[in-house]
Structure formats: structure tokens, C-alpha cells
Amino acid sequence: MQFRKSQTCTLCNRDIKFKYKPEKSWNITGYLCSDCHMKTTKEFFVKQQEEEELLIKKQNQCFICHNIIDEDKKKKARWQWRMENDIFLCEKCYDKKEQDYQTKIDFCVKCGKKIGFIRYNPKPKWKVDGQLCRKCWDAINAAQN
Ligand SMILES: [Zn+2]
Ligand SMILES: [Zn+2]
Ligand SMILES: [Zn+2]
């Protein structure tokens with residue numbers, strides 16, 4: 001006696017005459033019939049193209065205002081701004097961001113007072129994003145102890 005389990009297509013459940021192995025990237029187990037294989041190949045091709053287009057768009061688009069930036073006007077975000085990698089900003093947003101950043105490092109985040117030459121960096125455990133003036137630093141430090 002011979003057992004021959006007939007192979008069915010994972011997607012449409014029809015018996016397969018000629019079985020096709022799905023591509024690894026499709027995340028499909030089992031085998032596909034030729035129709036489904038062809039259809040999935042096409043779908044993934046379109047999806048891949050869309051992803052590529054999106055990537056190209058992302059590389060030409062300002063991360064903040066989403067305007068398309070000319071190649072020679074692209075600006076990379078400064079690492080101090082702690083933004084995502086591989087993003088670009090237009091000149092306007094870059095300048096704004098830079099200004100915000102300068103404001104942030106020149107003024108106390110607590111009271112808004114301009115900080116002098118000596119910087120008081122908050123301790124990491126305070127979870128303060130920015131700089132502090134001496135008075136606020138002392139106040140937080142005292143409160144923490
Ligand atoms: Zn099928
Ligand atoms: Zn912009
Ligand atoms: Zn302060």
C-alpha cells in the first residue's frame with residue numbers, strides 16, 4: 001500500500017500539480033500553486049518597490065516639516081539633538097532646532113534664568129532634560145537627599 005499525501009497550496013488550499021517553494025521573505029510555510037506563487041511574487045515586488053520609494057522619499061524629506069529638500073540644502077541633525085539617525089532637515093527647521101538647542105543649553109529648564117559660564121549639569125537620576133542654574137541645581141539636590 002502506498003500513502004501519498006496530496007500536497008495542497010498554503011494560500012488557496014487547492015491540490016497542487018506543480019508545487020512552488022515560497023521565498024523566505026514571504027514568511028509562508030508549505031508550498032504554493034503556480035497561481036498563488038505568481039500572485040505573491042507580484043505583490044512582494046510591488047511592496048518592495050513601495051518601500052524603496054518611501055526610503056528615497058525619507059532621504060529627501062525634512063524630518064520635521066516633511067517638505068522635500070534640495071540635495072545641496074540637506075542638513076543632518078546634530079547628534080546632541082538626540083533625533084533619529086539617517087534623517088535630514090531643511091535649512092529652516094535646522095536653524096529652528098539649533099536655536100531651540102542653544103536656548104536649552106543657555107537657560108535653566110526650571111526657572112528660565114540665563115545660565116552663566118559655569119554649567120550645572122543635572123544628575124542622570126533626576127531625569128531633567130536640559131541645564132540648570134545653580135539655585136535650581138542646589139534646590140533639586142537638596143530635595144533629593
Ligand atoms: Zn494556490
Ligand atoms: Zn523642515
Ligand atoms: Zn533655575
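Basis for what follows: all heavy atoms, side chains included, without hydrogens, waters or symmetry-related copies.
Criterion: ILVMFWY side-chain heavy atoms under 4.5 Å apart, direct or through other members. Under it, I87 and Y101 are part of a common hydrophobic cluster. Under the 4.5 Å side-chain heavy-atom criterion for grouping Ile, Leu, Val, Met, Phe, Trp and Tyr, I140 is connected to W137 within one hydrophobic cluster. In the hydrophobic cluster analysis, where Ile, Leu, Val, Met, Phe, Trp and Tyr join through side-chain heavy atoms closer than 4.5 angstrom, V128 is grouped apart from F107. Neither V109 nor I115 shares a network with the other; the hydrophobic side chains, linked directly or stepwise wherever heavy atoms of I, L, V, M, F, W or Y lie under 4.5 Å apart, form separate groups for each.
Using modelled atom types, one finds a donor on one side chain and an acceptor on the other under 3.5 Å when comparing Q131 with N121. For E52 and Q48, the side-chain atoms include no donor-acceptor pair closer than 3.5 Å.
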Salt bridge (charged side-chain N to carboxylate O under 4.0 Å, His left out) assessment of K104 paired with D129: CA-CA 9 Å; K104 206 164 126 184; D129 187 22; 3.3 Å; yes
Candidate pair M38 and Y20, rule side-chain contact (heavy atoms from CB on, under 4.5 Å), full reasoning: CA-CA 10 Å; M38 212 153 73; Y20 288 85; over 6 Å; no
E53 and Q49: CA distance, side-chain angles, deciding distance, side-chain hydrogen bond (donor to acceptor under 3.5 Å, both in side chains) verdict: CA-CA 6 Å; E53 266 168 42; Q49 273 194 327; 5.9 Å; no
Verdict with supporting geometry, K114 and D106, side-chain contact (heavy atoms from CB on, under 4.5 Å): CA-CA 6 Å; K114 198 167 187 347; D106 279 346; 4.2 Å; yes
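Relative to the six-membered ring of F88, K76 meets both conditions, a distance below 6.0 Å and an angle of at most 45° to the axis. Cation-pi contact between K47 and F44: present, with separation from the ring centre below 6.0 Å and deviation from the ring axis of at most 45°.
Between K75 and D95, none of the side-chain N atoms (NZ, or NE/NH1/NH2) sits under 4.0 Å from a carboxylate O, so this pair counts as no salt bridge. By the 4.0 Å N-to-carboxylate-O rule, K96 lies close enough to D100 to be salt-bridged with it. Salt bridge status for D70 with K74: absent, with no side-chain N to carboxylate O gap under 4.0 Å.
Within 6.0 Å of atom CD1 in I68, more than 12 heavy atoms from other residues, nucleotides or ligands are found, so the atom counts as buried in its surroundings. Within 6.0 Å of atom CD in Q102, more than 12 heavy atoms from other residues, nucleotides or ligands are found, so the atom counts as buried in its surroundings. Around CZ of R14, the count of heavy atoms belonging to other residues, nucleotides or ligands within 6.0 Å does not exceed 12.
Ring-centre distance between W81 and F63: not below the 6.0 Å cut-off.
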